[in-house]
Engineer: 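Here it is, the structure in full.
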Amino acid sequence: MNKSSDFAYVVARILAVGLFFASGADKIVHYSDNVALMAQNQVPAFFLPLVILLEVGGGIAIAFGFLTRFTSIFMAVFSIVAGFLFYQGYSHAHLMVWLKNASCAAGFLLLVVNGPGRWSLDYLISQKFGNKNNKIKGVQKSAA
């Protein structure tokens, strides 16, 4: 990988999680409003702390390239499930938000397939502790 590709991976990871990090931070600030919204959609309130953890903690992890593939799977599933739970019925606005969620899931699946790139904590950890002859996909390509 060249430096521009390495940089592009960093930018892609940050852009992929920006919406989720901001949304999770907003859920902290407006906690009771989000509990009410979840109740309106028949979603138990005990899920809210888990959603905040995924959006904020998972967002930070992916941005730094830590546990990227693992966390990206959860983010992709979360994006699709949230779309079904909170954007039911047909309206143009609901369709657009559902498609946004599907697009986010697609981006996270690409992170699962391609990995975090060389400028990531996952790569540093694999270099320090991993088997140098058996690199994980995405990281192996960039080790050359």
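It should be emphasised that the depicted structure is a prediction, and the values quoted were computed from it without experimental measurement. The first residue in the sequence is number 1, and the count goes up from there.
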Engineer: Would you say the side chains of Asn2 and Ser5 form a donor-acceptor pair under 3.5 Å?
Structural biologist: yes
Engineer: Going from CZ on Phe74 to OG on Ser79, what distance comes out if it is rounded to the nearest 0.5 angstrom?
Structural biologist: 13.0 Å
Engineer: To the nearest 0.5 Å, what is the distance between CG on Leu99 and SG on Cys104?
Structural biologist: 11.0 Å
Engineer: Hey, does Asn41 have a side-chain heavy atom less than 4.5 Å from the side chain of Leu85?
Structural biologist: no
Engineer: Calculate, to the nearest 0.5 Å, the distance between atoms CZ and CZ belonging to Arg13 and Phe66 respectively.
Structural biologist: 12.5 Å
Engineer: Is Phe64 linked to Val10 within one hydrophobic cluster, defined over Ile, Leu, Val, Met, Phe, Trp and Tyr using a side-chain heavy-atom separation of less than 4.5 Å?
Structural biologist: no
Engineer: Quick one: CG on Leu67 to CG on Leu121, what's the gap to the nearest 0.5 Å?
Structural biologist: 9.0 Å
Engineer: According to a hydrophobic-cluster definition based on side-chain heavy atoms being under 4.5 Å apart (Ile, Leu, Val, Met, Phe, Trp, Tyr only), do Met75 and Leu15 belong together?
Structural biologist: no
Engineer: Any idea which heavy atoms bring Ser72 and Val112 closest together, and the distance?
Structural biologist: CB-CG2, 3.7 Å
Engineer: What distance do Leu48 atom CG and Ile28 atom CD1 have between them, rounded to the nearest 0.5 Å?
Structural biologist: 9.0 Å
Engineer: Which atom pair, heavy atoms only, marks the closest approach of Arg69 to Val113?
Structural biologist: NH2-O, 3.5 Å
Engineer: Would you name the heavy atoms of Glu55 and Phe20 that are closest together and state the gap between them?
Structural biologist: CB-O, 3.2 Å
Engineer: Is it true that the side chains of His30 and Asp26 contain a donor and an acceptor less than 3.5 Å apart?
Structural biologist: yes
Engineer: What pair of heavy atoms forms the shortest contact from Ile80 to Ala102, and how long is it?
Structural biologist: CD1-CA, 3.9 Å
Engineer: Tell me, do Asp33 and Leu37 make a side-chain contact under 4.5 Å, heavy atoms counted?
Structural biologist: no
Engineer: Which atom pair, heavy atoms only, marks the closest approach of Leu111 to Ala16?
Structural biologist: CD1-CB, 4.5 Å
Engineer: Looking at every heavy atom in both Pro116 and Thr68, which two are closest together, and how far apart are they?
Structural biologist: CB-OG1, 3.4 Å
Engineer: For the hydrophobic clusters of this structure (ILVMFWY residues joined by side-chain heavy atoms under 4.5 Å, transitively), does one cluster hold both Phe21 and Val11?
Structural biologist: no
Engineer: Taking the side chain as every heavy atom from C-beta outward, state whether Ile60 and Val56 have any pair of such atoms under 4.5 Å apart.
Structural biologist: yes
Engineer: Would Tyr31 end up clustered with Phe46 when hydrophobic side chains under 4.5 Å apart are linked, directly or stepwise?
Structural biologist: yes
Engineer: Between Ser23 (side chain only) and Leu19 (backbone N and O only), is there a donor and an acceptor less than 3.5 Å apart?
Structural biologist: no
Engineer: Is it possible for you to say whether Phe84 and Val43 belong to one hydrophobic cluster, with membership spreading through side-chain heavy-atom contacts below 4.5 Å?
Structural biologist: no
Engineer: Report the residues that fulfil side chain to side chain contact (heavy atoms under 4.5 Å, CB included) with Val29, sequence neighbours left out, ordered by chain and then residue number.
Structural biologist: none
Engineer: Are Tyr9 and Tyr123, when compared by the centres of their aromatic rings, separated by less than 6.0 Å?
Structural biologist: no
Engineer: Between CZ of Arg118 and OG of Ser126, what distance do you get to the nearest 0.5 Å?
Structural biologist: 11.5 Å
